[in-house]
Amino acid sequence: MQEFFNYRQINREDWSQLQSDFSKAGLTQSELDAIRSLNDPIQLEEIKAIYLPLIRLLHIYKKNKEALNQSKGAFLDKAVTRSPFIIGIAGSVAVGKSTSSRLLRLLLQQTYPELQVDLVTTDGFLYPNAHLESKQMMHQKGFPQSYDMEKLLDFLDHIRNGDAYDVPLYSHESYDILPDQFFHLENTDILIVEGINLFQISDQPNLYSLDYFDFSIYIDAPTALIEQWYLERFLKLRELAMDKPENYHHRFSLMSPIEALNYARHIWESINLVNLQQYIQPTRNRAQMILHKDQNHKIDKIYLKK
């Protein structure tokens with residue numbers, strides 16, 4: 001396809017042969033079930049076929065970064081400062097970013113047991129609901145303008161420089177930022193950052209989030225499939241919140257299943273689809289790798305930037 005002209009396409013079978021027993025990392029099915037997102041039926045075979053070759057590729061990029069930093073330090077006659085290896089993962093809502101991110105973190109922890117591997121989602125950098133409501137932007141939650149991009153870039157800049165940082169926390173149960181609650185990130189060696197609009201160019205002049213990533217991945221799938229997965233997840237969240245009045249999705253359990261499904265379709269068409277088409281998908285070819293999924297959530301095609 002024209003949009004992938006700068007990528008090398010690799011099919012699943014060929015990609016699965018590239019691991020060469022680099023890493024002995026692996027999970028049991030129960031461990032995999034514990035980290036997968038709702039309606040993301042990833043299987044153990046996916047680890048061996050897709051993720052272990054990816055771990056090997058990330059190792060190559062990580063070693064190259066370290067060698068380059070050493071060479072630059074020698075050239076400038078300056079000591080090399082500590083800088084973590086940062087991986088960015090982007091893609092639509094409901095496409096399976098969270099599962100891929102958690103899986104990569106576990107496999108990297110097993111591959112590098114001596115290193116600290118952390119995972120941060122950009123949800124914590126959303127503006128609080130009160131702010132979005134005051135700006136009449138709740139219908140744009142998840143759009144680039146609903147994020148405190150200055151704070152997100154400040155976080156990436158501090159981490160790139162080896163500094164500690166208090167990352168704001170977001171609750172999917174309350175659907176809002178948790179006030180005055182933070183995750184203290186310090187001494188990280190490998191950091192995975194995951195978010196839907198992670199590769200969006202900021203409105204700050206000369207500041208781009210992609211500049212901070214040593215490797216970037218976009219999780220892709222046909223739009224019709226993403227819609228199907230979103231609706232399935234919405235109904236599952238509704239079901240799980242039936243006996244939890246404090247949960248944001250409890251309100252949808254008071255609707256009939258048909259009413260809830262119609263509401264979910266409305267949210268998809270008026271918010272998530274718009275966000276995907278106008279903001280998320282256009283950033284796809286900024287990633288160094290695109291992992292394309294089929295109807296079974298299996299990755300069937302890999303695109304690696306030339």
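Hydrophobic clustering keeps Ile190 apart from Ile60 (ILVMFWY residues linked when any side-chain heavy atoms are closer than 4.5 Å, directly or through intermediates). A single hydrophobic cluster is not seen to contain both Phe182 and Leu185; linkage of ILVMFWY side chains at heavy-atom distances under 4.5 Å, directly or through other members, places them apart. Note on Ile159: it does not cluster hydrophobically with Val80, by side-chain heavy-atom contacts below 4.5 Å among ILVMFWY residues. Connection of Phe183 to Leu153 is established within a shared hydrophobic cluster, with ILVMFWY side chains joined at heavy-atom distances below 4.5 Å, either directly or through further cluster members. Hydrophobic clustering of Ile, Leu, Val, Met, Phe, Trp and Tyr side chains at less than 4.5 Å, counting indirect connections, keeps Leu254 apart from Ile267.
For the pair Lys97 (side chain) and Ile89 (backbone), a donor-acceptor distance under 3.5 Å is absent. A donor-acceptor pair is defined here as one N or O able to donate and one able to accept, closer than 3.5 Å; no such pair exists between the side chain of Thr122 and the backbone of Phe125. Side-chain atoms of Ser209 come within 3.5 Å of backbone N or O of Leu198 as a donor-acceptor pair. Between the side chain of His266 and the main chain of Asn262, no donor-acceptor pair closer than 3.5 Å is present. Judged purely by atom type and a 3.5 angstrom limit, Arg160 has no side-chain atom pairing as donor or acceptor with the backbone of Phe85. At distances below 3.5 Å, not a single donor-acceptor pair connects side-chain atoms of Asp118 with backbone N or O atoms of Leu191. Between the side chain of Asn247 and the main chain of His249, a donor-acceptor pair closer than 3.5 Å is present. When atom types are taken as modelled, the side chain of Ser216 and the backbone of Gln288 share a donor-acceptor pair closer than 3.5 angstrom. Of the possible polar contacts, one joining the Lys293 side chain to the Val95 backbone as a donor-acceptor pair under 3.5 Å is found. Looking at Arg286, its side chain does come within 3.5 Å of a backbone N or O of Phe199 through a donor-acceptor pair.
Ring geometry, Tyr230 versus Trp268: the interplanar angle falls from 30° to 60°, so the pair is classed tilted. Taking the six-membered ring where tryptophan is involved, the planes of Tyr165 and Phe155 are perpendicular, since the angle between them exceeds 60° and thus also 30°. Classification of the Phe215-Tyr61 ring pair by plane angle, with boundaries at 30° and 60°, yields perpendicular.
Within the 4.5 Å cutoff, the side chain of Leu291 has no heavy atoms near those of the Tyr218 side chain. A 4.5 Å side-chain heavy-atom check between Ile302 and Ile50 finds at least one atom pair inside the cut-off. No side-chain heavy atom of Val117 sits less than 4.5 Å from a side-chain heavy atom of Asp189. Residues Asn6 and Asn285 are not in side-chain contact: their nearest non-hydrogen atoms beyond the backbone lie 4.5 Å or more apart. Side chains of Gln145 and Met137 form a contact here, defined as non-hydrogen atoms less than 4.5 Å apart. At a threshold of 4.5 Å between non-hydrogen side-chain atoms, the residues Asp157 and Asp163 do not count as touching.
A cation-pi arrangement is absent between Lys301 and Tyr7, since the terminal nitrogen or guanidinium carbon is not both under 6.0 Å from the aromatic centre and inside a 45° cone about the axis.
A donor and an acceptor atom, one from each side chain of Asn11 and Asp300, are nowhere located under 3.5 Å apart. In this model, a donor atom of one side chain and an acceptor atom of the other lie less than 3.5 Å apart for Asn129 and Lys141. With 3.5 Å as the limit, one finds a donor-acceptor pair spanning the side chains of Glu186 and His184. Glu232 and Gln228 form a side-chain donor-acceptor contact under 3.5 Å, judged by distance and modelled atom types alone.
Heavy atoms only, all atoms of each residue included: Asp294 and Leu225 are closest at C-CD1, 3.6 Å. In terms of heavy-atom proximity, His250 sits nearest to Asp243 at ND1-N, 4.5 Å. Among all heavy-atom pairs drawn from Tyr248 and Phe252, the shortest one is CE2-CE1, 3.8 Å. Smallest separation of non-hydrogen atoms from Ile280 and Gly91: CG2-C, 3.8 Å. Met242 and Ser253 make their closest contact through CG-CB, 3.5 Å (heavy atoms, listed as atom of the first residue, atom of the second, distance). Contact record, Leu32 with Ile42: CD2-O, 3.5 Å, taken as the closest heavy-atom pair.
Contacts classified as salt bridge (Lys or Arg N to Asp or Glu O under 4.0 Å) and involving residues 63-80 (residues at least two apart or in different chains) are given here: Lys62-Glu66, Lys63-Glu66, Lys65-Asp214. Among residue pairs with one or both ends in residues 166-179, none qualify as salt bridge (Lys or Arg N to Asp or Glu O under 4.0 Å); sequence neighbours excluded.
Between the CD atom in Glu114 and the CD atom in Gln109 there is a gap of 12.0 Å [rounded to 0.5 Å]. The CZ atom of Arg238 lies 14.0 Å from the CZ atom of Arg251; values are rounded to the nearest 0.5 Å. Atoms CG and NZ, on Leu156 and Lys151 in that order, are 13.5 Å from each other to the nearest 0.5 Å.
When ring centroids are compared, Tyr303 and Phe4 come within the 6.0 Å threshold. A ring-centre distance under 6.0 Å is found for Tyr170 and His172.
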Test log, rule side chain to side chain contact (heavy atoms under 4.5 Å, CB included), inputs Leu169 and Asp123: CA-CA 8 Å; Leu169 292 180; Asp123 294 337; over 6 Å; no

Quick one: do Leu152 and Asp148 satisfy side chain to side chain contact (heavy atoms under 4.5 Å, CB included)? Show the steps, please. CA-CA 6 Å; Leu152 174 59; Asp148 189 339; over 6 Å; no

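Of the charged side-chain nitrogens involved, at least one lies within less than 4.0 Å of a carboxylate oxygen, so that Glu46 and Arg12 count as a salt-bridged pair. The residues Arg102 and Glu31 are annotated as not salt-bridged, no charged nitrogen and carboxylate oxygen being separated by less than 4.0 angstrom.
With sequence neighbours excluded, no residue satisfies side-chain hydrogen bond (donor to acceptor under 3.5 Å, both in side chains) with Arg265.
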